[in-house]
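All remarks here apply to the structure that follows.
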Amino acid sequence: MPLKIYNSLTRQKETFEPIHPPYVGMYVCGPTVSGESHLGHARPFITFDVVYRYLMYLGYKVRYVRNITDAGHFEEEGRDAEDKISKKAVLEKLEPMELVQKYTNLYHWAMSRFNNLPPNIEPTATGHIIEQIEMIKTIIADGYAYEANGSVYFDVEKYNTDFSKKGQPYGILSGRVLEDQMENSRDLDNQEEKRNRSDFALWKHAPAEHIMRWQSPWGEGFPGWHIECSAMSTKYLGDEFDIHGGGMDLQFPHHECEIAQSTVCNHKMPARYWLHNNMITINGKKMGKSYNNVIRLTEMFTGQNAMLTQAYTPQTIRFFILQSHYRGTLDFSNDALQASEKALKRLWEAHEWLSRQVVTTAATATDHILDNKVKKLVEEFDEFMNDDLNTAKVLANMFELVSIINSIKDKHLPADALSGATVTFLQKQLHAFVEEIFGLKTERTEDNGKLEGVLQLLIDIRKEAKGRKDFVTSDKIRDELAALGVQLKDEKDGGMSFTLG
RNA sequence: GGUCCUGUGGCCGAGUGGCUAGGCAGAGCUCUGCAAAAGCUUCCACAGCGGUUCGAAUCCGCUCGGGACCUCCA
């Protein structure tokens, strides 16, 4: 069964066929580094990290490009005509690039805590001003943009008229009809510069107080909201590439404008498959700055936010996101996060135990029904992922397997119930899906060597105490370690294990 | 106002018309020096009304509720 993904452009699931197999080009809209990332931002980056990992698992050679927007984008267009980044820089008495660097660093730190793989190319908007200007020049030359008072606007109506004939009207992605837009578009300042209200800026004239500014054929200014993605995706992935991703809220106008710009310049729809993840909500409302309900990632990790009853690890959040399908909304709550925390721990412990088992491949199964069930559950991992990346269903199967693994571990099921080949297959696929594709990892990593040695010593002493029925000593060790957050667990075979936190 | 999505058990969440998703929480049991962990069993469900169908959470209609986009937004 081949990979099928839901294409926002056609509004249906389609079989994924790369333009130039085995190569795959994927562009994902990255962050605007004018502030801290919040929980909502985590979703696309984790979702598309899993897409990236899964494509590689399937054997594709992927070039994953995710930009950093470190220039442009208005707080409120026209009102003070001030660049968001430069505005904040003034307030904080910082150099714009100092601010950009600070939030870029924070963003990279959060990405690595989530165990997101770095993209192959992470281009910045400020590093591609020339490419953007060149693209704007082409659009003007082709007659789809015009200059007004040092700014350049895209002529949406002309584009729509001409490209509707080619089956690609403005609004093709979001399903909007330009005529409706014209009537309902909100009143904005600087409208008088535009020929039509739906026209959007490619280049903005910089007023005197604007700090971030570049020379252009139209005077000093800075690029418009959408042109950077067109310029950078074209430069690194070509006129036509495979996958374009981002949050659903970018579908309009951002991705719609990207399509228009790129199509004029390159005479092609830029991407074949458009993937959009849904929003994270909180109390049913989208988490976003306009709603004043964001929880920043640093707050998630420390618990320092009034909406949080505790801190959550990056892996808990990653698991939480993977438990739902990426196209549905996902509601945040402490209860839900706590459930994820426990579930992840259970999954991880079973996976870890199983991966330590040495298997005799030649062994045959004594329980053929169970053996077949396990094989089926594992084989379905691929099947579910191929059905529009249904990570939730894969996890459901994993938990059925966790029960079986734990039963064997606790000797409720005989060790030879499964064939060696099945156990090896299970080990291999669990490793592939849990670690390589879902990108989950254990939280306890560093300085474990010495600590584990000390713990093992305590465990040995406790075992000896138990052996001579000195429960005062054994309970003391257990309880005091528990108070420090180290949980000891007696196992069936007289062994003992521990978990931190 | 326009376009679209959505309503699943205490909570979160999958669900291709017919077969208990799964997780967390609750109850009982097993194991255990006691716990914890784990296993087994179990409770709780498809917003409402009507229609199609042998059969609907799943298709259609209506009603009610929630949300997103139309403006920077992941």
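Computed over heavy atoms, backbone and side chain alike; hydrogens, waters and symmetry mates excluded. Letters go in sequence order (proteins before strands), and every chain restarts at 1.
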Problem - Reference residue A/Phe114; test ring pair (Phe, Tyr, Trp, His ring centres under 6.0 Å); the match among A/Phe45, A/Tyr312, A/Phe320, A/Phe301 - result: A/Phe301

Problem - Axial cation check for A/Phe252 ring with A/Arg176, 6.0 Å and 45° limits - result: yes

Problem - Nucleic acid footprint by protein, nucleotides 13-23 of chain B - heavy-atom cut-off 4.0 Å, B for base, S for sugar-phosphate alone - result: SSS-----BSS

Problem - Residue-phosphate contact under 4.0 Å: A/His412 side-chain N/O, B/G39 OP1/OP2 - result: no

Practice task
Using a cut-off of strictly less than 4.0 Å, decide whether A/Lys411 has a side-chain nitrogen or oxygen near OP1 or OP2 of B/C31.
Solution key: no

Practice task
Let me know the distance between CZ of A/Arg197 and C1' of B/U71, rounded to the nearest Å.
Solution key: 12 Å

Exercise for the section: Identify the nucleotide, in any strand shown, that forms a Watson-Crick or G-U wobble pair with B/A68, with both distances under 3.5 Å; if there is none, say none. Expected result: B/U3

Practice task
Could you please name the partner base of B/U58, counting Watson-Crick and G-U wobble pairs only when both distances are under 3.5 Å?
Solution key: none

Just the table, please: protein N/O against nucleotides 4-8 of chain B N/O, every pair under 3.5 Å.
none

Problem - Pair A/Ser174, A/Glu256: side-chain N/O donor-acceptor within cut-off below 3.5 Å - result: yes

Practice task
Taking only the side-chain heavy atoms of A/Ser290 (C-beta and beyond), determine which of B/C73, B/A38, B/C40 contains the nearest atom.
Solution key: B/C73

Exercise for the section: Mind checking A/Lys285 for me? I need base, sugar-phosphate or nothing, with any heavy atom below 4.0 Å counting as a touch. Expected result: sugar-phosphate

Fill in the blank from the handout: Of B/A35, B/C69, B/A74, the nucleotide closest to the side chain of A/Met287 is B/A74

Problem - Among B/C70, B/A74, B/G33, the nucleotide that comes nearest once only the side chain of A/Phe471 is considered - result: B/G33

Exercise for the section: Please determine if A/Lys393 and A/Asp387 form a salt bridge, counting it only when a charged side-chain N lies under 4.0 Å from a carboxylate O. Expected result: no

Completion exercise
Taking a pair to mean Watson-Crick or G-U wobble geometry with both distances below 3.5 Å, B/A14 pairs with none

Handout entry: Electrostatic pair A/Asp460-A/Lys463, nearest N-O below 4.0 angstrom
Key = no

Practice task
Assign A/Gly40 to base, sugar-phosphate, or nothing according to its heavy-atom contacts below 4.0 angstrom with the strands shown.
Solution key: base

Fill in the blank from the handout: To the nearest angstrom, the CE-P distance between A/Met248 and B/C70 comes to 14 Å

Handout entry: B/G9 pairs with, by Watson-Crick or G-U criteria that keep both distances under 3.5 Å
Key = none

Practice task
Tell me whether the centres of the aromatic rings in A/His226 and A/His255 are closer together than 6.0 Å.
Solution key: no

Handout entry: Pair partner, B/A38 [Watson-Crick or wobble, under 3.5 Å]
Key = B/U30

Exercise for the section: Would you name the heavy atoms of A/Ser230 and A/Gln261 that are closest together and state the gap between them? Expected result: OG-OE1, 2.8 Å

Handout entry: Pair A/Gln323, A/Thr391: side-chain N/O donor-acceptor within cut-off below 3.5 Å
Key = no

Problem - Spacing between A/Phe45 atom CZ and B/A74 atom P, to the nearest angstrom - result: 7 Å

Exercise for the section: May I ask you to check whether A/Phe154 and A/Tyr159 place their ring centres under 6.0 Å from each other? Expected result: yes

Problem - Under-3.5 Å donor-acceptor pair between A/Arg478 side chain and B/A36 base - result: no

Under 3.5 Å donor-acceptor pairs involving side-chain atoms of residues 370-378 of chain A, not counting sequence neighbours:
| residue | atom | partner | partner atom | Å |
| --- | --- | --- | --- | --- |
| A/Asp371 | OD1 | A/Ser419 | N | 2.9 |
| A/Asp371 | OD1 | A/Thr422 | OG1 | 2.9 |
| A/Asp371 | OD2 | A/Thr422 | OG1 | 3.0 |
| A/Asn372 | ND2 | A/His368 | O | 3.2 |
| A/Lys376 | NZ | A/Glu380 | OE2 | 3.1 |

